[in-house]
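Below is one structure, written out as structure tokens; comments come after it.
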Amino acid sequence: METPERALNRWIDKPSHLAEILGEDLSHLTPVTARYPMRISRYYLGLIREAGDPIWRQAVPDPAELEDTGDSEDPLAEEKQSPLPNVVHRYPDRALFLVSHQCAMHCRFCTRKRKVGRTFFIGKDDIRKGLEYIAAHPELRDIILSGGDPLMLPDETLEAILKELRAIPHVEILRIGSRIPCTWPQRITPRLTAMLKKYHPLYLNTHFNHPAEITPESTAACGLLADAGIPLGCQTVLLKGVNDSPEVMLELMRGLLRMRVKPYYLYQADLAQGTHHFRTRVETGLEIMQALRGYTSGLAVPAFVIDAPGGKGKIPLLPGYCKRPTRDLVRLRNYRGKISYYRQVKKDAEMEFPETVDTGVASCGGKH
Ligand SMILES: *Cc1c(COP(=O)(O)O)cnc(C)c1O
Ligand code: SF4
């Protein structure tokens with residue numbers, strides 16, 4: 001049977017090994033992997049078509065990772081919002097519970113580069129303390145297993161955690177964040193999904209960044225999860241040289257829907273040290289959103305968000321569809337640029353509020 005231990009033998013974690021397979025001299029990558037460990041699953045490596053392609057860029061270390069750009073190792077201030085080393089409690093009713101620091105591939109753009117793939121494992125004690133914290137906080141109704149990748153744990157270990165979480169009355173929903181359906185789809189077995197389906201309502205957010213990741217193998221993995229009744233979402237990261245064009249993103253989003261995966265978030269790249277070469281400007285993301293909405297199924301359109309520096313949370317961004325030229329008039333621009341006006345109900349005099357009300361939509365509010 002496929003176990004994480006066995007698959008380890010097939011992972012590539014040294015530039016010399018990678019050089020052998022790819023037939024290229026990669027000795028210049030050794031200093032990079034000394035700082036940020038490398039790991040690529042055999043399967044994911046097999047998706048590379050040529051040096052520098054979108055799969056390569058995500059998987060193969062780059063000397064640019066070592067350039068000191070003055071960026072933070074922890075741009076989202078996760079450590080400050082961690083009551084325990086492996087719990088991030090930023091929002092009122094939900095928290096991240098980090099249960100593994102390993103992944104089937106160590107993405108070169110990872111925002112948690114400071115942790116992921118480093119030698120330390122999350123011990124039984126830390127898992128126990130995390131469970132105690134969650135049990136002691138009745139406001140936590142949504143627990144997101146994260147890491148690293150929770151599916152790197154053996155089925156039995158993962159099940160023990162899920163079982164304990166399910167026994168906490170105030171935990172309504174469980175979520176797993178996992179890139180494994182994309183990077184190591186063979187890990188998704190009928191045995192795993194039969195176990196997961198015992199812990200519903202359980203959601204899984206996976207992570208695909210390029211249409212070339214949509215293969216018969218990843219489609220089968222998502223199919224098994226969906227057949228187990230697990231609603232699937234995708235958290236894509238907008239990456240320069242990988243998916244920073246409307247055409248690529250449209251193909252990816254449509255491909256995800258065919259696999260029964262609902263695009264959930266599209267992230268602006270975080271300001272993490274060692275990842276600057278992946279960043280696009282915010283306008284690129286807005287152009288992509290503009291090219292998706294209206295031109296394809298609404299189901300295929302994720303929310304474009306910036307995870308605000310300093311741990312301020314996810315902020316949605318939209319191309320300017322909505323303005324308010326007068327107090328009661330809302331000016332709407334459709335996806336093709338056609339304008340219409342919506343006259344809204346008069347404000348209740350007692351509910352008077354400032355003219356520049358924030359309607360929650362980019363460039364909305366104020367007079368234009
Ligand atoms: C993203 C995130 C969540 C989940 O946010 P949702 O918008 O509910 O998906 C929770 N906690 C932290 C720290 C996060 O970064
Ligand atoms: S799978 Fe997620 S946590 Fe793991 S290295 Fe990639 S981005 Fe980071």
Side-chain angles (χ1 to χ4, degrees), residues 11 13 36-41 44 55 57-61 65 73-84 86-118 122 134 137 139-153 172-185 187 203-210 213 231 233-239 242 262-270 272 274-275 278 302-316:
W11 285 337
D13 51 18
Y36 300 116
M38 161 181 142
R39 173 179 292 159
I40 313 176
S41 71
Y44 199 80
I55 302 292
R57 280 182 63 76
Q58 294 183 70
V60 178
E65 293 172 43
E73 296 276 357
D74 179 17
L76 306 179
E78 291 187 325
E79 304 297 339
K80 249 195 274 168
Q81 295 175 336
S82 296
L84 299 170
N86 60 331
V87 173
V88 187
H89 189 172
R90 169 178 305 151
Y91 290 108
D93 69 342
R94 55 209 189 281
L96 298 186
F97 186 15
L98 311 185
V99 296
S100 159
H101 281 322
Q102 304 291 314
C103 294
M105 173 175 86
H106 298 328
C107 309
R108 305 321 299 175
F109 54 84
C110 182
T111 194
R112 243 171 250 146
K113 248 173 134 82
R114 69 185 187 282
K115 284 192 163 174
V116 171
R118 299 284 166 94
I122 298 177
I134 294 162
H137 288 259
E139 71 275 21
L140 291 175
R141 40 161 292 284
D142 175 2
I143 298 300
I144 301 151
L145 296 186
S146 182
D149 200 313
L151 297 186
M152 290 300 282
L153 298 175
E172 294 170 11
I173 71 163
L174 297 171
R175 288 199 241 178
I176 293 177
S178 171
R179 205 179 174 189
I180 275 182
C182 173
T183 52
W184 180 27
R187 166 75 182 96
Y203 289 68
L204 188 143
N205 274 329
T206 186
H207 175 175
F208 286 72
N209 292 332
H210 192 272
E213 295 166 346
C234 183
Q235 314 202 111
T236 297
V237 184
L238 178 52
L239 299 167
V242 175
K262 163 81 187 83
Y264 178 49
Y265 283 140
L266 172 64
Y267 287 101
Q268 174 69 17
D270 288 330
T275 65
F278 283 108
F304 177 43
V305 295
I306 298 194
D307 221 330
K312 304 285 195 303
K314 296 176 181 69
I315 316 256

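Remember, predicted model here, so these are calculated numbers, not experimental data. Read the numbers this way: they start at 1 and go in the same order the structure lists the ligands and their atoms. Just so it is clear, the values below take in all heavy atoms, side chains as well, and ignore hydrogens, waters and symmetry mates.
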Check your understanding: So, the side chain of S41 versus the backbone of T183: is there a donor-acceptor pair under 3.5 Å, distance only?
Key -> yes

Review point. Any idea which part of I144 is under 4.0 Å from ligand 1, heavy-atom wise: side chain, backbone, both or neither?
Key: side chain

Exercise for review: Please tell me if the side chains of R90 and D307 come closer than 4.5 Å, counting only heavy atoms from C-beta onward.
Suggested key: yes

Exercise for review: State, yes or no, whether a side-chain contact exists between V88 and S82 at a heavy-atom distance under 4.5 Å.
Suggested key: yes

Check your understanding: Identify the closest protein heavy atom to atom 4 (Fe) of ligand 2: which residue and atom is it, and at what distance?
Key -> C103 SG, 2.3 Å

Practice item. Identify the protein heavy atom lying closest to atom 2 (Fe) of ligand 2, giving its residue, its atom name and the separation to 0.1 Å. Key: H207 ND1, 4.3 Å

Review point. Which ligand 1 atoms does Y265 reach within 4.0 Å, using its non-hydrogen atoms?
Key: 6 (P), 7 (O), 9 (O)

Practice item. Considering heavy atoms of the protein only, find what lies nearest to atom 8 (Fe) of ligand 2 and give residue, atom and distance to 0.1 Å. Key: C110 SG, 2.3 Å

Review point. Does any non-hydrogen side-chain atom of C103 lie less than 4.5 Å from one of R179?
Key: no

Review point. With backbone taken as N, CA, C and O and side chain as the heavy atoms from C-beta onward, which portion of R94 lies under 4.0 Å from ligand 1: side chain, backbone, both, or neither?
Key: side chain

Review point. What residue and atom, counting heavy atoms only, is the protein's closest point to atom 5 (S) of ligand 2, and at what distance?
Key: C107 N, 3.3 Å

Check your understanding: How close does the nearest protein non-hydrogen atom get to atom 10 (C) of ligand 1, and which residue and atom is it?
Key -> Y91 CD1, 3.5 Å

**Study point:** Polar side chain donor-acceptor pair, R112 to S146, under 3.5 angstrom
**Key:** yes

Check your understanding: Below 6.0 angstrom between ring centroids: does that apply to H207 and F109?
Key -> yes

Review point. Which ligand 2 atoms, with their elements, are less than 4.0 angstrom from a heavy-atom of M105?
Key: 5 (S)

Review point. Has R175 got any heavy atom lying under 4.0 angstrom from an atom of ligand 1?
Key: yes

**Study point:** Contact atoms of ligand 2, heavy-atom distance to R179 under 4.0 Å
**Key:** 1 (S)

Exercise for review: Could you tell me whether R187 and D149 make a salt bridge, using a distance below 4.0 angstrom between a side-chain N and a carboxylate O?
Suggested key: no

Review point. Using heavy atoms and a threshold below 4.0 Å, how should the contact between E78 and ligand 1 be classified: side chain, backbone, both, or neither?
Key: neither

Study note, to complete from the structure: Rounding to 0.5 Å, atoms CG (D93) and CG (L140) come to a distance of 8.0 Å

Check your understanding: Side-chain contact, heavy-atom cut-off 4.5 Å: P263 with T236?
Key -> no

Exercise for review: Measure the distances from the heavy atoms of V116 to every atom of ligand 2 and state whether one is below 4.0 angstrom.
Suggested key: yes

Study note, to complete from the structure: atom 9 (O) of ligand 1: closest protein heavy atom, distance to 0.1 Å, is Y264 OH, 2.6 Å

**Study point:** ligand 1 versus Q235: contacting region, heavy-atom distance under 4.0 Å
**Key:** neither

Practice item. Give the atoms of ligand 1, by number and element, whose distance to some non-hydrogen atom of V88 is under 4.0 Å. Key: 13 (C)

Check your understanding: Between K115 and E78, is the closest basic N to carboxylate O distance under 4.0 Å?
Key -> no

Practice item. Show your reasoning for whether side-chain contact (heavy atoms from CB on, under 4.5 Å) applies to K314 and Y91. Key: CA-CA 10 Å; K314 296 176 181 69; Y91 290 108; 3.7 Å; yes

Check your understanding: For R108, does its backbone N or O pair with a side-chain atom of K113 as donor and acceptor, under 3.5 Å?
Key -> yes

Review point. For atom 12 (C) of ligand 1, which protein heavy atom lies nearest, and how many Å away is it?
Key: L96 CG, 3.6 Å

Study note, to complete from the structure: Logged contact type for R112 with ligand 2, heavy-atom cut-off 4.0 Å, is neither

Point to revise | Ligand-residue contact atoms, ligand 1 with K314, heavy atoms, under 4.0 Å | key: 1 (C), 2 (C), 3 (C), 4 (C), 5 (O), 14 (C), 15 (O)

Exercise for review: Taking only heavy atoms of R90 into account, list the atoms of ligand 1 that are under 4.0 Å away from them.
Suggested key: 13 (C), 14 (C), 15 (O)

